[in-house]
Asker: 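Dumping the structure here so I can ask a few things about it.
Residues: numbered from 1 along the sequence shown.
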Amino acid sequence: MATIFDVADLAGVSIKTVSRVLNGSTSVRATTIEKVRAAMSELDYRPSSAARELRKGKSNAIGMLFGDPSSGFQSRLHHAALQACNDAGYFLTAGLFREEEDNWDEQLTQFLNRTSIEKMILVPPLCGSTALHDRLIEQGASFVLVSPSRAVAVAHAVCMDDRRAAREITEHLLGLGHRRIAHITGPSDHAATRLRREGFEGAMRAVGDGALRPDWIRPGLFRFKPALECARQILTGPDRPTAIFAANDEMAAAVCFAANSLGLRVPDDLSVVGFDDVAIATTMWPPLTTVAQPYAQMARESVRLLTEVGPPGDAGQAAEKVTIDHALKVRQSTAALAD
């Protein structure tokens, strides 16, 4: 079966141009339209029936793009979105998308043309991509941002207060008597990294007396192996903390692994907390004290904004930002500081 890429190659034009011809754009020159149509005829290319429904405004699917679908956060949100779409009478179509690759524009065009998606839910870190926003707007797709790094005038947003949640879980450790607390962060360019670090540092500065130790703040990149190395460095230094706040649960699991390998008991010798409340938080031992993201509510609000409210700009509609409450899950990975 011929694809839009085959048509573009034969016609000697870009995939974007073929897409514009298929969508009836008036910005394409007549000679170019003729070349594209001739290539379509020669290849016997037929747009999908779903694509025809899209041009008639009849699409009943919502799309999601994932850069790392194996991550705990993205998999939990994916599952929540499946349920939210089903409850609203929509289908969910998910795709793997790697923005760092040179052909990301082709990836997006292929996804949109083959799935006929006109409504999208964008999750971190893709939700912060201006280039991706521009291409979706050009394709006539509306989108909602989940936990974005900044406000975008053309899109609604759904989030939780990462900064406040990070401060609360740090204050939980402080309330247990811990003052020597380390923090393992995510990637420096990730909004959640910045907000969670700010929450941690705010709580530690409020204690005073030099409780905040910059040398105990290390980048774990939201991944197990880098966090494992960070934890080993922190725990084998000339002195060590009595508690560690890892900015996601995968890194918290790495901290527990490192502690056990060094003969330290969690939580007797070291209290550990995470963030997200993904599956590993309750399948590891001891179960992890963490911040529970409101996945179900975020998914439901995203679907509602896409299907009931409509995109900002329609009839003067302003962009909405919906902030949903989180929950602190206290489990057996934390304990009061021993005398």
Asker: With distance as the sole criterion, is a donor-acceptor pair present between the side chains of Glu229 and Gln233 under 3.5 Å?
Answerer: yes
Asker: When you measure from the side chain of Thr242 to the backbone N and O of His178, does any donor-acceptor pair fall under 3.5 Å?
Answerer: no
Asker: Looking only at non-hydrogen atoms, find the nearest pair between Gly186 and Ala247 and report the distance.
Answerer: N-CB, 4.2 Å
Asker: Using modelled atom types only, decide if a donor and an acceptor are shared between the side chain of Thr307 and the backbone of Val303 within a distance under 3.5 Å.
Answerer: yes
Asker: Linking directly or through intermediates, with side-chain heavy atoms under 4.5 Å: list the remaining ILVMFWY members grouped with Phe224, chain and number order.
Answerer: Leu228, Phe257
Asker: Which is it for Arg167 and Glu198 under the salt bridge (Lys or Arg N to Asp or Glu O under 4.0 Å) test, yes or no, and what are the steps along the way?
Answerer: CA-CA 8 Å; Arg167 182 164 188 140; Glu198 288 175 357; over 6 Å; no
Asker: Within the distance-only criterion (no hydrogens, no angle test), does the side chain of Ser75 pair as donor or acceptor with the backbone N or O of Gly72 below 3.5 angstrom?
Answerer: yes
Asker: Go through Arg135 and Asp105 one step at a time and tell me if the salt bridge (Lys or Arg N to Asp or Glu O under 4.0 Å) criterion holds.
Answerer: CA-CA 8 Å; Arg135 284 291 288 113; Asp105 189 77; 2.4 Å; yes
Asker: Is there a donor-acceptor pair closer than 3.5 Å between any side-chain N or O of Glu118 and the backbone N or O of Asn60?
Answerer: no
Asker: When you look at Glu201 and Arg205, which way does the salt bridge (Lys or Arg N to Asp or Glu O under 4.0 Å) test go after all the steps?
Answerer: CA-CA 6 Å; Glu201 291 181 345; Arg205 287 197 181 98; 3.7 Å; yes
Asker: Parallel, tilted or perpendicular for Trp104 and Phe97, by the 30°/60° rule?
Answerer: perpendicular
Asker: Atom CZ of residue position Arg29 - does it have more than 12 heavy atoms of other residues, nucleotides or ligands inside 6.0 Å?
Answerer: no
Asker: Roughly how far, to the nearest 0.5 Å, is the CD1 atom of Ile121 from the CG atom of Leu92?
Answerer: 6.5 Å
Asker: Taking NZ, NE, NH1 and NH2 as the nitrogens, is one of them in Arg37 or Glu34 under 4.0 Å from a carboxylate oxygen of the other?
Answerer: no
Asker: Assess the side chains of Thr289 and Thr334: does a donor N or O sit below 3.5 Å from an acceptor N or O?
Answerer: yes
Asker: Check whether Ser271 reaches the backbone of Ala335 with its side chain - one donor and one acceptor, N or O, closer than 3.5 Å.
Answerer: yes
Asker: Between Leu264 and Leu337, is there a shared hydrophobic cluster once you connect ILVMFWY residues whose side-chain heavy atoms come closer than 4.5 Å?
Answerer: no
Asker: Report yes or no: does Arg331 contribute a side-chain atom to a donor-acceptor pair with the main-chain N or O of Leu288 at less than 3.5 Å?
Answerer: yes
Asker: Within this structure, what is the CH2-OG distance for the pair Trp285 and Ser333, rounded to the nearest 0.5 Å?
Answerer: 10.5 Å
Asker: If you round to the nearest 0.5 Å, how far is CG of Leu96 from CG of Leu65?
Answerer: 9.0 Å
Asker: So, Asp189 and Arg194, do they make that salt bridge, N to O below 4.0 Å?
Answerer: no
Asker: Please find the pair of heavy atoms, one from Ile117 and one from Ala141, that lie closest to each other, and give the distance.
Answerer: O-CB, 4.5 Å
Asker: I'd like to know if Lys329 and Asp277 make a salt bridge, using a cut-off of under 4.0 Å between side-chain N and carboxylate O.
Answerer: no
Asker: Would you call Glu320 and Arg304 a salt bridge, taking side-chain N to carboxylate O under 4.0 Å as the test?
Answerer: yes
Asker: Could you give the distance from CZ (Phe222) to CG (Asn248), rounded to the nearest 0.5 Å?
Answerer: 5.5 Å
Asker: In terms of side-chain heavy atoms, does Thr290 have a donor or acceptor partner in Asp249 at a distance below 3.5 Å?
Answerer: yes
Asker: As an exercise, state the distance from OG1 of Thr323 to CE of Met298, rounded to the nearest 0.5 Å.
Answerer: 11.0 Å
Asker: Can you name the salt bridge (charged side-chain N to carboxylate O under 4.0 Å, His left out) partners of Arg218, sequence neighbours left out?
Answerer: none
Asker: Cluster partners of Leu328, using ILVMFWY side-chain heavy atoms under 4.5 angstrom, listed by chain and number?
Answerer: Met160, Ile169, Leu173, Leu174, Ile181, Phe200, Met204, Val207, Leu212, Ile217, Phe245, Val273, Phe275, Val291, Val330
Asker: Has the side chain of Arg196 got a donor or acceptor atom that lies under 3.5 Å from a matching backbone atom of Thr185?
Answerer: no
Asker: For residues Tyr295 and Leu306: do they belong to one hydrophobic cluster (side chain heavy atoms under 4.5 Å, members Ile, Leu, Val, Met, Phe, Trp, Tyr)?
Answerer: yes
Asker: Using a strict threshold of under 4.0 Å (side-chain N to carboxylate O), is an ion pair present between Asp325 and Arg164?
Answerer: yes
Asker: Are Val152 and Ile137 linked, directly or through other ILVMFWY residues, by side chains that come within less than 4.5 angstrom of each other?
Answerer: yes
Asker: Under 3.5 Å, is there a donor-acceptor pair between the side chain of Asn86 and the main chain of Leu82?
Answerer: no
Asker: How close do Val278 and Phe73 get, heavy atom to heavy atom, and via which atoms?
Answerer: CG1-N, 3.7 Å
Asker: I need the Leu126 CG to His133 NE2 distance, nearest 0.5 Å.
Answerer: 9.0 Å
Asker: Taking Thr283 for the side chain and Ala279 for the main chain, is one N or O donor matched with an acceptor at less than 3.5 Å?
Answerer: yes
Asker: Is Leu77 linked to Phe91 within one hydrophobic cluster, defined over Ile, Leu, Val, Met, Phe, Trp and Tyr using a side-chain heavy-atom separation of less than 4.5 Å?
Answerer: no
Asker: Does His326 use its side chain to pair, donor to acceptor, with the backbone of Gln293 at less than 3.5 Å?
Answerer: no
Asker: Could you give me the CA-CA distance, side-chain angles and deciding distance for Asp269 and Arg240, then say whether salt bridge (Lys or Arg N to Asp or Glu O under 4.0 Å) is met?
Answerer: CA-CA 10 Å; Asp269 302 315; Arg240 64 175 177 82; 5.0 Å; no
Asker: If you group Ile, Leu, Val, Met, Phe, Trp and Tyr by side-chain heavy-atom gaps below 4.5 Å, do Val158 and Leu195 land in one group?
Answerer: no
Asker: Do you see a donor-acceptor pair shorter than 3.5 Å between the side chains of Arg197 and Ser188?
Answerer: no
